[in-house]
*Asks:* 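Once you've had a glance at the structure underneath, I'll fire off some questions.
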Amino acid sequence: MTPSLRSRRRFVAYLAGSLLLPALAHATDAGTPAEPAGAETGDTVALDLVRRADAIRFPRESFQTEIVVRNFADGVEGESRTFRVLSRGNENTIVLTLEPATERGQALLMRARDLWIFMPSVSQPVRLSLAQRLTGQVANGDLARANLAGDYTPTVAGTENLDGQPAVVLDLKAVDRGVTYARVRYWVGERDSRPLKAEFYALSGRLLKTARYEEFRQMAGAIRPTRLVMEDALKKGEISVLTYENMNVRDLPERMFTREYLRRLQQ
């Protein structure tokens, strides 16, 4: 066994103990039999880390946020777009186009992994793929769905020092072909579970783009990344910068996330 492999296994064992032992103790106190220690696997630790990072990126509750997407080519700023995202839990999302004015009124509706686009000039909604590009380096699923814990099966791949910060490296494999990417390599802060970096891969294994989560600040009751930089892995210099202008927890009823409701919004 190589020294790096031994180090990785020691880290997984330590992290599993620190995260899962309190829960096991609580179950024993309540009179519920605890699972054998052998049931605490690296996969369980990985899933817990992804869930924590998901909760840092966006609130678990219903929320609203405005996102400005600026696209760059070789450092020169090109088109920009502004979206309003309304999300209820991890399964229901509406993405409204606010700018440019020529596209105002367009809306994406996601229910589970089903996605439709509504356009004022078209009478019927059109079914879309989560992987299809929305603008620049941003895919539909990047805005409409943020449930990495539900869409991927994660495992711990190791640890790295990323820009001076200890990070856990996770390998995420898609649960099926309906999600945005076939595979994601994900860096999460070892101390605080903050999302730091992600690499997104196609089914062929080709690297599509890299994302970095930046400028953490207080928003919607927690410290969250307010800037996401997505860089094309195939076309050097092609970058999209997503800025979260604001984010607020908001009560959003189930009835909003229907085709009928979106049609009323466009009237």
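Heavy atoms only: backbone and side chains are in, while hydrogens, waters and symmetry mates are out.
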*Asks:* Quick one: does NZ or CZ of Arg194 land under 6.0 Å from the six-membered ring centre of Phe216, within 45 degrees of the ring axis?
*Replies:*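 Relative to the ring axis of Phe216, which defines the angle, Arg194 lies inside both limits.
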
*Asks:* From Arg57 CZ over to Tyr213 OH, what is the distance, rounded to the nearest 0.5 angstrom?
*Replies:*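 Here the rounded value is 5.0 Å.
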
*Asks:* For Tyr152, give me all partners under side-chain hydrogen bond (donor to acceptor under 3.5 Å, both in side chains), at least two apart in sequence or on another chain.
*Replies:*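 For Tyr152 there are no side-chain hydrogen bond (donor to acceptor under 3.5 Å, both in side chains) partners, ignoring immediate neighbours.
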
*Asks:* With a 6.0 Å cut-off (strictly less than), is the heavy-atom count around CZ of Arg127, excluding the residue itself, greater than 12?
*Replies:*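 Enclosed: over 12 neighbouring heavy atoms sit under 6.0 Å from CZ of Arg127.
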
*Asks:* Evaluate Asp163 against Lys197 for salt bridge (Lys or Arg N to Asp or Glu O under 4.0 Å), listing each step before the verdict.
*Replies:* CA-CA 11 Å; Asp163 298 329; Lys197 176 184 173 182; over 6 Å; no

*Asks:* Using atom types as modelled, flag every donor-acceptor pair under 3.5 Å from a side chain in residues 248-255 to any protein atom, sequence neighbours excluded.
*Replies:*
residue : atom : partner : partner atom : Å
Arg250  : NH1  : Gln64   : OE1          : 2.2
Glu254  : OE1  : Arg88   : NH1          : 2.9
Glu254  : OE1  : Asn92   : ND2          : 3.3
Glu254  : OE2  : Arg111  : NH1          : 3.1
Glu254  : OE2  : Arg111  : NH2          : 2.9

*Asks:* Are Leu170 and Val156 close enough, and set up right, to give a side chain to side chain contact (heavy atoms under 4.5 Å, CB included), and what steps lead you there?
*Replies:* CA-CA 5 Å; Leu170 301 166; Val156 175; 3.9 Å; yes

*Asks:* Parallel under 30°, tilted from 30 to 60°, perpendicular over 60°: which one fits the rings of Phe58 and Phe63?
*Replies:*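 Judged by the thresholds at 30° and 60°, the geometry between Phe58 and Phe63 is parallel.
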
*Asks:* Hey, what do you get for CG (Asn246) to CZ (Arg84), rounding to the nearest 0.5 Å?
*Replies:*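 Reported to 0.5 Å precision, the distance equals 8.5 Å.
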
*Asks:* Side chain to side chain contact (heavy atoms under 4.5 Å, CB included) between Leu134 and Asp142: does it pass, once the steps are laid out?
*Replies:* CA-CA 9 Å; Leu134 178 63; Asp142 293 328; over 6 Å; no

*Asks:* Do Glu99 and Ser80 touch side chain to side chain, with heavy atoms closer than 4.5 Å?
*Replies:*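 Not touching, per the 4.5 Å side-chain cut-off.
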
*Asks:* What's the spacing between Leu203 CG and Tyr181 OH if we round to 0.5 Å?
*Replies:*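 With rounding to 0.5 Å, CG (Leu203) is 14.5 Å from OH (Tyr181).
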
*Asks:* So, are Arg51 and Asp48 salt-bridged, with charged N and O less than 4.0 Å apart?
*Replies:*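 No, this pair does not count.
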
